Amino acid sequence: MSGKICLGIEGTAHTFGVGIVDDSANVLANEWSMYVPEEGGIHPREAANHHTEHAGQIIKQAMENANISRDDISLIAFSQGPGLGPCLRTAATAARALSLSLNVPIVGVNHCIAHLEIGRAVCDCPDPVLLYVSGGNTQVISYANGRYRVFGETLDIGLGNMLDKYGRERGMPFPAGPEIEKLAKHGSTLMELPYSVKGMDVSFSGLLTAALNQPGTLEDISYSIQETAFSMLVEVTERAMAHLGKAQVLLGGGVVRNKRLVEMVEIMCQERGAESFVPPPSLCSDNGAMIAWTGLVMNNAGISMSLEQTNINQKFRTDDVEITWI
Ligand code: ATP
Ligand code: FE2
């Protein structure tokens with residue numbers, strides 16, 4: 001185990017996660033609890049209540065799993081945004097309390113950048129185009145001139161939210177993405193659904209409405225949703241790679257647990273002599289380890305924050321952050 005150890009707290013939306021990482025990107029612990037709404041979508045205050053209830057236990061469990069004592073922790077990191085206000089505030093409060101009681105520095109981390117940084121480290125791909133597909137976010141991101149730039153994104157809802165909304169209307173449990181993947185494996189008829197790519201951007205709400213009105217078996221519709229939505233993502237990712245002259249794709253976000261999406265990206269990469277990388281599933285979904293690691297990278301680049309600078313930012317954009325560590 002090497003020098004610095006960071007404890008990171010993730011709490012942008014449904015997941016309260018605590019990760020402990022050393023400065024060689026070894027994940028010593030990665031614990032989480034996910035809020036599952038009884039019905040409907042995520043209610044921000046209920047999700048925040050869930051985080052408050054579980055914070056103590058998850059922090060304790062992470063410390064036990066990492067087999068470290070309080071004194072071994074040299075840095076606290078937390079998800080500063082983007083996300084749901086009440087959830088962000090809960091995670092930030094826990095992080096500030098830990099930083100004060102352990103008397104160690106605190107760093108607020110951009111959640112989207114954390115998905116990217118953990119992937120760069122564990123997959124060893126220094127300069128990728130990131131295809132980041134989660135519930136709330138769908139973005140194609142890459143580094144250029146001191147920032148992570150968003151080259152393309154969804155103009156309405158994130159792909160994961162689209163899958164979850166479709167599933168909810170069809171009585172599937174939350175999150176519906178994995179259910180739709182299972183159903184899609186048994187689908188065979190490709191139905192025509194709206195394929196919506198505008199320049200480098202995509203949109204999914206038309207696809208959702210059409211899928212909900214589409215007659216046919218759940219298997220065929222799930223298959224058609226996946227093939228259509230994933231093709232859109234592959235198209236914009238490939239265009240970003242061509243434009244930037246980059247030959248690596250990194251996948252991140254909960255939706256990239258989907259094997260078919262990974263396969264489609266791999267095929268595109270093979271065809272252009274490029275490589276694709278997928279972090280292990282526990283590092284793809286929202287998790288504390290990615291926050292801890294990004295906090296460490298930032299702190300090693302000389303970044304630390306006063307408590308006043310740890311205000312949450314619900315609309316924290318990927319390209320708001322000056323990248324001084326590349
Ligand atoms: P963010 O705050 O970055 O938007 P998030 O809160 O949505 O993230 P993640 O854990 O990154 O959280 O992603 C969750 C999403 O991933 C859900 O919408 C879920 O349906 C989707 N998902 C999980 N597994 C699969 C799968 N196998 N196929 C498709 N979608 C999946
Ligand atoms: Fe996320």
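Please read all numbers here as calculations on a predicted model, not as lab measurements. Positions are given from 1 along the sequence. For ligands, and for the atoms within them, numbers begin at 1 and follow the listed sequence.
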Please walk me through it: do Arg96 and Thr310 pass side chain to side chain donor-acceptor pair (under 3.5 Å)?
CA-CA 8 Å; Arg96 287 182 203 117; Thr310 62; 2.8 Å; yes
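When the options Leu163, Ile221, Leu218, Asn258 are evaluated for a side chain to side chain contact (heavy atoms under 4.5 Å, CB included) with Ile180, the one that passes is Leu163. Of the candidates Asp23, Asp72, Asp22, Asn300, Lys4 forms a side chain to side chain donor-acceptor pair (under 3.5 Å) with just one, namely Asn300.
The option with the heavy atom closest to atom 2 (O) of ligand 1, from among Glu179, Glu10, His111, is His111. Across Pro178, Cys284, Ala47, Ala176, heavy-atom proximity to atom 25 (C) of ligand 1 is greatest for Pro178.
Short contacts between ligand 1 and His115, defined as distances under 4.0 Å to a heavy atom of the residue, involve ligand atoms 3 (O). Of all atoms in ligand 1, numbered sequentially from 1 with element shown, those under 4.0 Å from a heavy atom of His14 are 5 (P), 6 (O), 7 (O), 10 (O), 12 (O). Close contacts of ligand 1 with Ala13, meaning ligand atoms under 4.0 Å from a residue heavy atom, involve 6 (O).
If you check which protein heavy atom lies closest to atom 18 (O) of ligand 1, you get Asp164 OD2, 2.7 Å. Protein heavy atom in closest approach to atom 10 (O) of ligand 1: Asp286 N, 3.2 Å. Protein heavy atom nearest atom 28 (N) of ligand 1, with residue, atom name and distance: Asn258 ND2, 3.1 Å. Counting protein heavy atoms only, atom 1 (P) of ligand 1 is closest to Ser134 OG, 3.2 Å. The protein heavy atom nearest to atom 7 (O) of ligand 1 is Gly135 N, 2.6 Å. The closest protein non-hydrogen atom to atom 27 (N) of ligand 1 is Glu181 OE1, 2.8 Å. Of the protein's non-hydrogen atoms, Val255 CG2, 3.8 Å is the one closest to atom 21 (C) of ligand 1. Looking only at protein heavy atoms, the nearest one to atom 3 (O) of ligand 1 is Tyr132 OH, 2.3 Å.
Residue Leu163 has no N or O atom closer than 3.5 Å to an N or O atom of ligand 1. Polar contact check, Gly254 against ligand 1: a nitrogen or oxygen pair lies under 3.5 Å apart.
Residues His54 and Phe16 keep their aromatic ring centres 6.0 Å or farther apart.
Relative orientation of the His14 and Phe174 rings is perpendicular, given thresholds of 30° and 60° on the angle between their planes.
Distance alone, capped at 3.5 Å, places no donor-acceptor pair between the Asp164 side chain and the Pro175 backbone. Side chain of Asp201 to backbone of Leu155: no donor-acceptor contact under 3.5 angstrom is found. Although no hydrogens or angles enter the test, the distance criterion places a donor-acceptor pair under 3.5 Å between the side chain of Arg147 and the main chain of Asp319.
Taking 4.0 Å as the cut-off between side-chain N and carboxylate O, Arg272 and Glu238 count as a salt-bridged pair.
By the side chain to side chain donor-acceptor pair (under 3.5 Å) test, Thr52 is found to be paired with no residue, residues two or more places apart in sequence or in another chain being considered. Residues passing the side chain to side chain donor-acceptor pair (under 3.5 Å) test with Gln80, sequence neighbours excluded: none.
Connectivity analysis of hydrophobic side chains (ILVMFWY, heavy atoms under 4.5 Å, direct or indirect) links Leu190 to Tyr223.
Within the 4.0 Å heavy-atom cutoff, Gly158 does not count among the residues contacting ligand 1. Using a 4.0 Å cutoff on heavy atoms, Phe174 does not count as a contact of ligand 1. Within the structure, the closest approach of Lys259 to ligand 1 does not fall below 4.0 Å when heavy atoms are considered.
Listed by chain and number, His111 NE2, His115 NE2, Asp286 OD1 are the protein N/O/S atoms closer than 2.8 Å to the Fe ion (ligand 2), with waters left out.
Side-chain atoms of His115 and Asp286 include a donor-acceptor pair closer than 3.5 Å.
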